[in-house]
Every structure is written in C-alpha cells, then in structure tokens.
Amino acid sequence: MRVERDMKKDMIEVESLIKKYGEITAVNGISFDVGEGEIFGLIGPNGAGKTTTLRVLSTLLKITGGEVKIAGKDLEKEPEKIRKMISYLPEDAGAYKNLTGREYLAFMAKFFDGSNGTDKIVKKGVEIADLGERIEDKVDTYSKGMKRRLLVGRALMIDPKLAILDEPTSGLDVINAREVRQLIKKYATGGTTILLSSHNMLEVDFLCERISLIDDGVIVESGRPKRLKEKHGAENIEEVFTKVVR
Amino acid sequence: MSLMNITKKEIKELLTPSTFVPIVVIALLFASMGNIMGGMMEEGEEKPVVGVINEDNGKYSEMAMLVLKDNAEIVYNGSDMQGGIDEVTKNGGSAVLRIPGNFSYNIDNNIPGTIEVVWIMRGVGLMDSISSSVVEGVIQNINTYISHDLVEEKTGMEPHHLQNPTAKEETIMFKGKEMVGINPSTLGGMLSSQSIMLPIVTMMLIMMAGGAIISSMGMEKEDKTLETLLTLPIKRSSIVTGKLIGAATVGLLMAVIYMLGYGYYMQSLQTAELNLADYGLGLGISDYVLVGISLFLALIAGLALSLLLGTFAKNYKSAQTLLFPVTALAIIPMFVFMFTDIGNLPLLFRGVMYAIPFSHPIIAMRSLMFGDYQIVIGGILYSAIFSMVMIGIVVWIFNSDRLITGKIGKKESILEKLSR
C-alpha cells in the first residue's frame, strides 16, 4: 500500500518484502518508500512485524522475498555499503558495560572514521547523550534512561543518512523523551532520514510525516497522521490504530 | 583499524577484576603452597634439635653419640629427663633421646640396645611431623653405624660388600633409543614434570581463553550489544577475528599468571635436576618451535570451537554451561597423557585422542624427544584444518540470521536446549 508524499529522492524503497522464520511468516509482502530527510513511522501491535522489518532494513536479517533498496543500493547485494550509511538503534539495546560512556562512543565512532575525525564524532555523541560528568563513568553504573540517551547519542552522532530507531524513547522519562524527540526532528531537518517504530502514539503523531500501520505482517493503513485521523473520524492516532486493527 | 578497534574492546571487556582476580588468587595460592613445600624440604635438610641423656659408658653408646653429634644439634646433654624436655622445648626441638646404662652390654650379648625417645609434638599438620622423621633418620644412622662395626668385628669382612654382594648395570630400550645407566622409574621421574606441566598448560590455556570468548558472546547477547555490532560497517569475519584475538590475548595472559604460580609450586617439589639431553631426549630450538606452533593451533582450535558454542548462548549464564564440552575436551587428554602415552592406548581411544585437537601439543612434545616428526607435523596440519573449519562455520553463522533469531534449522538442537 503506497501513500502520497512530497517529491523527495527515495532513501528507502521496500517492494513486496517477505520475511519468514521457518514456517512462520513475520512480514508478508509489505511495500513502502521513505524520502530523504523524512520521518516515517511503523506502528503496530506486538508481533505485527515492525521489529522484523527494521532488522531487515538494518541488514541484520536476510530477506525471504521481495526487494529492498536503501539510497539506491540493493540490500541483498551491497549490505556492507549500506552499513556505512545507516545507524540502527534496537529496542532494549545495551552498551558494553565495562566501558565508560565516552569509551563506548569512541569505540563506535572508530568504525565510521578511523582517522582524525573520531574526536568530532565523539564530541557530538557526548553532546547528544547529555550525561554531564557521568559520561566518564562505566556504562554498568547507568540507569536505563541514561543508557538510552547514550545509545541515542551513538545512533545520531555519525550523521547517518538513515537512522533506524526501534522505540527510540523507550525507558526515558517524559522530559528526556521529549528532548530525544526534538533531537530526532532536528536531525531530520538536517537531512537524516528517520525510520522509527513506536508504541507511543503521541510520539508518532508529533514526529512522523507519514506512518504505516502494520498488523500480522501486512500494512493495513498508511498516510499522513492528519489525513488518517480525518479519514477514520478519529481524534488521535491511537483511535485510528484501534479502529484499523480491530 | 576496525579489527584493532574490536580487539581492544574485547580485551577491555574481558579483562575485568571479576575475571582476573580469581586467577591471580589461584596463582598466589599455588605460589604459597610452593613456599610451604620449599620450607618443608629445607626443614628436612636441617639438623634436628634434640636432647640426649647418655647413661651408658660403653663402646656402642660412644658410637651413637658420634653419629648424633654429626647429624643433630644437641641442646641438652645431661641426666635429667625433665630438664632435657624443657631445654629441647625451649629450643624448638623435637625429641629427647635416652641411652640406658645397658645399651652396649645388651648389644654385645645379642640383645637389641634400646634407645628411648620422648617426642615433643607441637601439632598434627604435615609440617609438624617433618622434624620427627629427621630424628628417625638419625636413629637409623646410629643403627647402620653400629651394624657395620659389628659385621666387621664378627666376620672380618667389608660390611658394604656383605650387604650388597651384587650390582646392576641398566639400559633402557625405548622407541628405538638406547639409554644407558638409567631405569624406567628414574626416566619416568625425569619426564614427570613435563608429563604433568604441558598437559596442564594446554588445559588451562584452552579453558581460560575458551571461557573468555564464550563469556564475550554471552555478554553480547545479555547486554543486547550484538544487534548494534552487526549493523556496523565492519566485516563479520573481522568481528570473529577480533573476538578470537581478544580472547586469545586475555586467555594467554590468564594462563601465564596461573602457570607462574603453578610452576613455582612444581619447582618446589623437584629435588634433583637431571639433564634429559644426556640420554638423547633433549629438544632443540626447532623442536620447541614445533611444540609452540602445535600449542598455538590448539588454542585457536579451542577458541573457534568455543566461539561456535558461544553463538548458541542466550546470556552470560548459559554461556558458562556451553563451555562444558570444551572443558571436557581439554581435561580428557590431560588426564590420559598424564598416565600413559598415545601408543599404549587401544585403537579406538587412540583415534579419539587424535581427533581432539588439544591432544596434539602433548603428543608433539613426547614425539619430538624420540624424533617422530611425522606425527607432529600431522597433528599441526589437523589442528590447522580443524581451526579453519570451525572459523568458517562461525563466520557463516555470523553472516546468517542465526545470531539474531537463535535458530539454525526447524528442529531445536541439543545446544539450543542447553543454552536456555
């Protein structure tokens, strides 16, 4: 199910994507595209296929059928080139607990620029994470929220062409979550494409230019949040979601 | 650059106080035991402190006194037993010896001359009985000295000849080598330190490094860092190599610390140094290089196998369970080769031992002593192929969905069940 969007260059092109785990079909022929600098949200109940889709797009899982292109590069043929352009933030991800926050960011930065650019990247990561002096402490001593901030910093510090964020504000309190949302918006304005999944409908409404509702491995509705609310006579996305999935 | 980055991270993650401290403590324990054993040996060589009450004026008590003066430190020489006990106790001695008035008379009349010993016991530990055994040795010396005198006096013959009328000249024929002037038990004793040390070094190396790499995989799964790592612009084979190098470094370091303590302990048990080269069993530099290569490849094989098992780990705890097959494979050759050679095993067991890559450094050491290079080179080749196959499988798994989905095929494997 394709939906209208601004005439931006395609960053993500997903065509009839199928992903099976043995006999179980997790994603069943979904298609969507995301333009450069766009924030696109995948919404759906648990087990709908959101995380599987994000994992496929972040080169973690091989596709069973269909075609995926990122920045014009074929996911199956050029995964290593794609990895240089993307940044993936998994849901419930952790960081190496015996490293300090700064060491963790430095470790990650070196994969993207091994020469003299790492200091700049790390500095940016430290700014985004905004952990103050605690950035010098071991990750093991961080709260869940602090870890998430560090990981958001890690995901965005490299200025990726595409950031794939699975529940980006998971574990954050209201104020921190709001700050992270503003950061995501800022990065999209700067040209980074964002593909995210979230259970937080308020977040989706605030952040995403377009969304797709996914249920049982199939996209059941897509569009701009405002239009979807109008179409289903709903006050918010949560209501749209309930009406479509029911 | 990325490889070095991941290797450094692995070392940092693995070299933590919680993994490091237990090994240092074990090494220190071994070193302390070595110190105690060394102290016991030294004490055994020292003259015992004794008191003597000599009530006999005869010839044989004079002889006994001569032996005592030569072999013991006499801190009391008088006639009062309580005085003797007090003095010996004060000087940390272990016994008061009383030679009764009828000592020489009885010996002359074919009745054993009695030496009464009052032991001053301080404890029941191993160390506490050393001084008493030394005193026992001195009393035995008195017995031998008087016996020689009696033999000479009564028969007119040379006592040593009378007690040892035969002599032997020994030669060992073993694996085509002729070793003159040595018997199997002495040769076995000479080789025992190697028979024990190399298998233990191999086992420790495999267990420490294997444990490190399996833990690394367990932690990656538990801390959910693997998903991020696999989306970074680094080849999966570089991730595998970085993990192997990191774990090998940490494992090697831990094994060295352990072996320093253990080596010190073993050294304290050695009483005499014999040169294996005198019997044509010495190893040249090229031989040691071959043993080194064999040990290195056994380490890589162990690491690759551990990493393969580690991919099945769900978390740190299940990773420790998955280490069991590697531990078993490292322990079996150690025990087998401590007690026998590969050539003495039944055919089936011999095949099993050859199939375990960790056997080959031990087999290599012994084979090289007897110039059997074929078996050593064969072992090196086998370990190299084993390692390559294991690494290939690991890289294949890293390139598949397996690490994320946790499944290889439709049916659940034993390892998948174990890892839960």
Side-chain angles (χ1 to χ4, degrees), chain A residues 19-24 26 51-52 54-64 78-100 103-104 106-115 118 138-140 147 150-151 154-155 158 160 162-164 166, chain B residues 1-20 212 215-239 242-243 246 250 315-316 396-412 416:
Chain A
K19 177 64 192 174
K20 290 183 178 181
Y21 300 116
E23 288 164 7
I24 299 163
T51 297
T52 298
L54 297 192
R55 281 174 167 178
V56 168
L57 266 62
S58 58
T59 75
L60 275 173
L61 298 177
K62 299 206 180 302
I63 61 175
T64 313
E78 300 175 284
E80 278 166 28
K81 281 185 183 165
I82 289 171
R83 282 182 202 130
K84 284 181 186 164
M85 298 185 288
I86 64 163
S87 194
Y88 174 51
L89 176 66
E91 188 186 2
D92 294 332
Y96 298 108
K97 56 187 178 189
N98 291 320
L99 303 183
T100 65
E103 284 171 341
Y104 175 70
F107 166 67
M108 290 294 177
K110 279 177 192 159
F111 290 107
F112 294 91
D113 192 340
S115 53
T118 52
K138 286 203 169 174
V139 171
D140 203 20
K147 257 183 220 166
L150 180 73
L151 291 166
R154 189 273 304 161
I158 56 163
L162 169 64
I164 301 169
D166 199 353
Chain B
M1 185 69 193
S2 290
L3 177 62
M4 195 185 280
N5 190 26
I6 204 151
T7 305
K8 271 165 71 179
K9 187 275 292 178
E10 284 297 317
I11 293 172
K12 254 188 182 166
E13 274 281 289
L14 293 170
L15 215 56
T16 59
S18 58
T19 52
F20 207 54
S215 301
S216 156
M217 280 306 294
M219 285 194 292
E220 293 268 16
K221 295 272 185 84
E222 189 170 299
D223 299 338
K224 296 194 168 67
T225 48
L226 196 63
E227 280 189 50
T228 309
L229 189 65
L230 294 174
T231 58
L232 295 173
I234 175 176
K235 283 185 178 172
R236 304 282 164 93
S237 55
S238 298
I239 297 176
K243 282 192 175 294
V250 173
N315 48 39
Y316 184 79
W396 172 74
I397 289 177
F398 266 72
N399 275 316
S400 71
D401 292 356
R402 167 71 186 86
L403 284 179
I404 306 300
T405 60
K407 294 263 180 231
I408 281 181
K410 287 177 188 172
K411 286 184 181 170
E412 194 178 33
E416 282 167 340

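Source: prediction; values computed, not measured.
Side-chain atoms of A:Arg55 do not come within 3.5 Å of backbone N or O of A:Leu61 as any donor-acceptor pair. Formation of a donor-acceptor pair under 3.5 Å by the B:Lys224 side chain with backbone atoms of A:Glu91 is not found in this model.
If you tally non-hydrogen atom pairs under 4.5 Å between each of B:Asn399, B:Leu232, B:Leu230 and chain A, the highest count goes to B:Leu232. For the options A:Tyr88, A:Tyr96, A:Tyr104, heavy-atom pairs under 4.5 Å to chain B are most numerous at A:Tyr96. In terms of heavy-atom pairs under 4.5 angstrom with chain A, the leader among B:Lys235, B:Glu222, B:Glu220 is B:Glu220. Contact tally against chain B (heavy-atom pairs below 4.5 Å) for A:Ala106, A:Ser87, A:Pro90: the top residue is A:Pro90.
The part of A:Ala95 that comes within reach of chain B is its backbone (N, CA, C, O), which places non-hydrogen atoms under 4.5 angstrom from that chain. Heavy-atom distances place the side chain of A:Lys19, and not its backbone, under 4.5 Å from chain B.
Residues forming a salt bridge (charged side-chain N to carboxylate O under 4.0 Å, His left out) with A:Lys84 (at least two apart in sequence, or on another chain): none. Residues passing the side-chain contact (heavy atoms from CB on, under 4.5 Å) test with A:Ala26, sequence neighbours excluded: A:Tyr21, A:Thr52.
Between the side chains of A:Thr100 and A:Lys138, no donor-acceptor pair of N or O atoms lies under 3.5 Å.
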